[in-house]
Amino acid sequence: MDQQPSSTPDIQVLSDKEIFTKIWTSPRLVFQYINERHYDKYVAILLIIAGIARAFDRAATKNLGDTLSLWVIIGGCIVLGGLLGWLSFYIYAALLSWTGKWLHGKGNTTSILRVLAYAMIPLSIALVLIVPQIGIYGIEIFKSDGDITSAGLLPNFFFYGAMILEAVLGIWAFVLCVVGISEVQKLSIGNAVLNIFLPVLIIVVPIALLYFFFFQFI
């Protein structure tokens with residue numbers, strides 16, 4: 001589990017099609033190629049799609065349908081998710097580069113952002129699953145008490161099946177992130193997992209402490 005990633009002197013040349021197919025079965029091979037060849041193709045579009053997918057997920061989690069219309073949610077997720085999502089990935093890559101040095105990791109912001117983009121490929125499929133869900137249930141999937149049971153047996157079967165598949169895709173995206181970070185920063189799998197959470201800790205913990213002390217003394 002904590003073995004160091006091996007370095008391969010001759011990286012196999014991969015076509016665009018092979019990158020998008022082999023990343024499901026041989027992710028380290030793909031990330032080696034992306035990292036060594038500085039393969040930037042599709043990075044921007046993948047980050048935009050991932051940002052949109054995450055925006056829709058947050059919209060459902062935060063029950064935005066309770067206060068906003070369906071078209072406002074869709075427009076906001078596409079525009080803001082596509083723009084701010086890309087920026088959030090860049091900031092996260094910069095933080096990973098910084099915290100990775102604490103673990104003697106390598107890799108700059110650009111190289112980390114590159115592998116993060118391809119690690120988000122499963123989220124592209126998850127985004128596709130959202131479209132028919134909105135078509136069937138509309139605003140209801142974004143409400144805290146939305147009615148997602150009255151559409152009939154087949155639509156309900158699709159809805160819950162899509163939810164399970166989205167969860168699986170989310171898990172696989174995390175696995176790809178771990179493998180990608182391990183490869184580009186030359187970290188063990190264990191340290192790669194640790195580094196993924198370090199940026200969150202250095203942001204969340206200080207905010208939580210400030211929040212605690214602020215309300216303790218007012």
Side-chain angles (χ1 to χ4, degrees), residues 20 23 40-96 109-110 112-152 155-177 180 196-197 199-208 210-211:
F20 282 90
I23 200 167
D40 291 317
K41 195 174 182 180
Y42 305 118
V43 166
I45 187 63
L46 287 172
L47 291 175
I48 290 172
I49 292 173
I52 294 172
R54 290 176 61 193
F56 273 109
D57 182 62
R58 286 194 297 270
T61 303
K62 295 182 179 296
N63 304 315
L64 294 187
D66 292 343
T67 55
L68 301 175
S69 70
L70 178 61
W71 290 111
V72 170
I73 293 173
I74 293 175
C77 288
I78 293 175
V79 176
L80 296 179
L83 293 176
L84 300 182
W86 191 94
L87 179 61
S88 67
F89 278 113
Y90 184 87
I91 294 172
Y92 183 57
L95 289 172
L96 285 173
T109 300
T110 302
I112 294 172
L113 184 66
R114 190 181 295 125
V115 298
L116 284 180
Y118 282 89
M120 294 296 108
I121 286 177
L123 294 188
S124 302
I125 298 176
L127 181 60
V128 173
L129 294 173
I130 292 174
V131 177
Q133 291 181 57
I134 294 176
I136 295 171
Y137 296 103
I139 191 69
E140 299 300 316
I141 65 173
F142 299 108
K143 290 184 175 181
S144 55
D145 57 349
D147 182 9
I148 55 173
T149 59
S150 62
N156 288 338
F157 177 80
F158 169 80
F159 178 77
Y160 289 107
M163 286 184 63
I164 294 172
L165 183 54
E166 286 172 17
V168 172
L169 290 170
I171 293 171
W172 189 242
F174 176 77
V175 171
L176 292 181
C177 280
I196 283 175
F197 289 105
V200 179
L201 292 176
I202 64 174
I203 293 175
V204 173
V205 171
I207 292 176
L210 287 173
Y211 179 86

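Since the structure is predicted, the reported quantities are computational estimates derived from the model, not experimental observations. Counting begins at 1 with the first residue of the sequence.
With rounding to the nearest 0.5 Å, the separation of OH in Y42 from OG in S124 is 12.5 Å. One distance of note links CG of L113 with CG of L47; it measures 5.0 Å at 0.5 Å rounding. Atom CD1 of residue I134 and atom CD1 of residue I139 lie 9.0 Å apart, to the nearest 0.5 angstrom. The CG atom of L84 sits 9.5 Å away from the CD1 atom of I91 when rounded to the nearest 0.5 Å. The distance from the CG atom of L165 to the CG atom of L169 is 4.5 Å, given to the nearest 0.5 Å.
Residues W172 and L176 form a side-chain contact, since some pair of their non-hydrogen atoms from C-beta on lies under 4.5 Å apart. With contacts defined as side-chain heavy-atom distances shorter than 4.5 Å, the pair I49/L123 does not qualify.
Residues passing the side chain to side chain donor-acceptor pair (under 3.5 Å) test with Y90, sequence neighbours excluded: none. Qualifying side chain to side chain contact (heavy atoms under 4.5 Å, CB included) partners for F174, counting only residues two or more places apart in sequence or in other chains: V178, I196, F197.
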Contacts table for residues 53-63: side-chain donor-acceptor under 3.5 angstrom, sequence neighbours left out:
| from | atom 1 | to | atom 2 | distance (Å) |
| --- | --- | --- | --- | --- |
| T61 | OG1 | D57 | O | 2.8 |

Enumerate donor-acceptor pairs with a distance under 3.5 Å from any side-chain N or O in residues 66-78 to protein atoms, sequence neighbours excluded.
| from | atom 1 | to | atom 2 | distance (Å) |
| --- | --- | --- | --- | --- |
| D66 | OD1 | S144 | N | 3.1 |
| D66 | OD2 | S144 | OG | 2.9 |
| T67 | OG1 | L64 | O | 3.4 |
| S69 | OG | V72 | N | 3.3 |

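Residue pairs satisfying the side chain to side chain donor-acceptor pair (under 3.5 Å) criterion with at least one member in residues 125-136, sequence neighbours excluded, are listed as follows: Q133-E166. Residue pairs meeting the side chain to side chain donor-acceptor pair (under 3.5 Å) criterion with at least one member in residues 72-89: none, sequence neighbours excluded.
In plain terms, the two heavy atoms of G82 and I52 that are nearest each other are N-CG1, 3.7 Å. In plain terms, the two heavy atoms of L96 and P199 that are nearest each other are CD2-CG, 3.8 Å. What you find for A50 and M120 is that their closest heavy atoms are CB-CB, 3.7 Å. Closest non-hydrogen pair, F20 versus I23, comes out as O-CG2, 3.8 Å.
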